[in-house]
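Have a look at the structure below before the remarks.
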There are 2 protein chains.
Amino acid sequence: MKPSVVTIEPNGHYCSDCAVRGAAVCSSLDAAELREFEHLGRRVHFESGETVFSEEDITTSFYNVLEGVMRLYKLLPDGRRQIVGFALPGDFLGMNISGRHNFSADAIGVVAVCQFAKGPFGRFIEDRPQLLKRINELAIRELSQARDHMVLLGRRSADEKVATFLLGWRDRLVALKGLSDIVPLPMSRQDIADYLGLTIETVSRTFTKLERHGVIEIIHGGISLLDPARAEAMAAA
Amino acid sequence: MKPSVVTIEPNGHYCSDCAVRGAAVCSSLDAAELREFEHLGRRVHFESGETVFSEEDITTSFYNVLEGVMRLYKLLPDGRRQIVGFALPGDFLGMNISGRHNFSADAIGVVAVCQFAKGPFGRFIEDRPQLLKRINELAIRELSQARDHMVLLGRRSADEKVATFLLGWRDRLVALKGLSDIVPLPMSRQDIADYLGLTIETVSRTFTKLERHGVIEIIHGGISLLDPARAEAMAAA
DNA sequence: ACCCAAATTTGATCTGAGTCAATTGGCTTT
DNA sequence: AAAGCCAATTGACTCAGATCAAATTTGGGT
């Protein structure tokens, strides 16, 4: 989107003080392996709106999200967009079998990733089955989420979609940062619409409706979940 | 759905004469491994409409489809159904991390599978990174397909959905059985509707419309693709 | 604090796909 | 070959969400 202004940190950075050390692919490595692994990854920053990689690009790197939020999306030739997911710290991106990315990814706000060159990373995996096993687990978990999202896109009403999204997003943030009913929404209404298979107007109207009914309060940069139980009821159908 | 009438073949069956030996998970095994692998799997048949496993069931087995077609689906509490995919020979089913299936699967027409008990299969994988790598590849390929399907469900019109489905289904059959513009559709209109996020009426009307425009001919048990180029144009948007 | 541009909300209207309701067509059973 | 049954088609009408069109709010830069 914008010209890519990538900053590579000049000074040392170590897995041992990495925020996502326990969560990401790294969790399958022991201390010695982690030290070796350290040399493979580079910490890279992206500014808000910058594209990390694009669909159909040849895959040269894998990415471990460290900080921030990314939108993952596919475009139709005529410009229609479907967001296939939002990536948060701990998520691992770039796996594919065609040698090309099958979706685009860009930063929502400032993002930091741990970037691994494909070749060295592939070689590192080669004789470490537990790492492969871990990556496999991540893929299978994503597959399960993808299927849940298919149900949402194919069979849920606008109200159900929005309620489901809000609760699911809250749960991810809770898992990451601890419990709170204040739910930051760093992505735009358009992003939410493209994630839920709706228009921006429908998302906006549904937010307003939920607020009128006392389920949420729309606040600066997010929402406050006033009545989680009622939101659950709306989401479940 | 129906009472489960599972027939376990009494006599020997060997990987060496298995129809999907080269295609499925097995393709990563050498001759010696294949002989060992043989004892892990049992060939099991299912009648039309029988359920192979249900969502939320504890996973006790993995399955390699040998013959026939299966519908893979999720249900909402109120009965709405989303078909998340159709399984064909060579597809491998049952992977998950929760220990429970995350979708249901039943036979469309007669189906034969190679069934593996979870424990022994897991142990067999343990010291065979190739096999794990193969399974990982299958998961990543499915993930890519799942994302394509999200785009279809969230952002395509009814016409585009049906055209995309017909072409995609044809391509899978071509890969399996060779080129032909006769496309058998063993699944019902309801199945197609639940796969595409439409109603049965809309699917039916769209078929009729495609036929009126000379793109397809509706024949017994399937369609004949008269004008693939035009179908591609409709699918692409 | 002020200005501009972009994002969001709100309103009015339209329409693609859903719903409801018959028919039609194919099989199976007798 | 008539009856019964289920899947598929067709038609008439409705409606949830899209589209079109303004406001209104927000945010960033100076």
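Hydrogens, waters and symmetry mates play no part in the numbers below; they use all other heavy atoms, side chains included. Since this is a predicted model, take the numbers as computed values, not measurements. Just so it is clear: chains get the letters A, B, ... in the order the sequence lines come, proteins before strands, and each one is counted from 1.
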Within the structure provided, determine whether L93(A) and M70(A) are in side-chain contact (heavy-atom separation under 4.5 Å).
yes
R189(A) side chain reached by F207(A) side chain, heavy atoms, under 4.5 Å
yes
Test salt bridge (Lys or Arg N to Asp or Glu O under 4.0 Å) applied to R155(A) - qualifying residues, sequence neighbours left out:
D194(B)
Can you tell me the distance, in whole Å, between the [atom1] atom of [X] and the [atom2] atom of [N]?
{"X": "I108(B)", "N": "dA7(D)", "atom1": "CD1", "atom2": "P", "value": "13 Å"}
{"X": "D194(A)", "N": "dA18(D)", "atom1": "CG", "atom2": "P", "value": "11 Å"}
{"X": "I192(B)", "N": "dT9(D)", "atom1": "CD1", "atom2": "C1'", "value": "14 Å"}
{"X": "F207(B)", "N": "dT10(D)", "atom1": "CZ", "atom2": "C1'", "value": "16 Å"}
{"X": "E160(B)", "N": "dA17(C)", "atom1": "CD", "atom2": "C1'", "value": "14 Å"}
{"X": "E201(A)", "N": "dA7(C)", "atom1": "CD", "atom2": "C1'", "value": "12 Å"}
{"X": "I200(A)", "N": "dG11(C)", "atom1": "CD1", "atom2": "P", "value": "17 Å"}
{"X": "L185(B)", "N": "dA8(D)", "atom1": "CG", "atom2": "P", "value": "10 Å"}

Between G221(A) and L198(A), which residue's closest nucleotide on DNA chain D lies nearer the 5′ terminus?
L198(A)
Note: for H220(A) and A158(A) on DNA chain D, the residue whose nearest nucleotide lies more 5' is A158(A)
Under 4.0 Å, heavy atoms only, any strand: does [X] hit a base, just the sugar-phosphate, or nothing?
{"X": "S188(B)", "value": "sugar-phosphate"}
{"X": "T199(A)", "value": "base"}
{"X": "G197(B)", "value": "sugar-phosphate"}

Taking it one step at a time, do S61(A) and Q115(A) satisfy side-chain hydrogen bond (donor to acceptor under 3.5 Å, both in side chains)?
CA-CA 6 Å; S61(A) 298; Q115(A) 179 173 30; 3.1 Å; yes
Applying side-chain contact (heavy atoms from CB on, under 4.5 Å) to D171(B) and not counting sequence neighbours gives none
hbond_proxy [X] side chain to [N] base (donor-acceptor, 3.5 Å cutoff):
{"X": "R205(B)", "N": "dT19(C)", "result": "yes"}
{"X": "R189(A)", "N": "dT10(C)", "result": "no"}
{"X": "Q190(B)", "N": "dC6(D)", "result": "no"}

Taking the six-membered ring of Y73(A) as reference, does the cationic atom of R81(A) (NZ for Lys, CZ for Arg) lie under 6.0 Å from its centre and within 45° of its axis?
yes
Angle between the two end axes of the helix from dA1(C)-dT30(D) to dT30(C)-dA1(D), five base pairs per end, rounded to 10 degrees?
50°
Pair E160(A) + R80(B): basic N to acidic O under 4.0 Å
yes
From CG (L72(B)) to CD (E142(B)), nearest 0.5 Å
8.0 Å
Does a nitrogen or oxygen in the side chain of T202(A) sit under 4.0 Å from OP1 or OP2 of dA18(D)?
yes
With nearest nucleotide decided by heavy atoms, which residue, R155(A) or S204(A), maps closer to the 5′ end of DNA chain C?
S204(A)
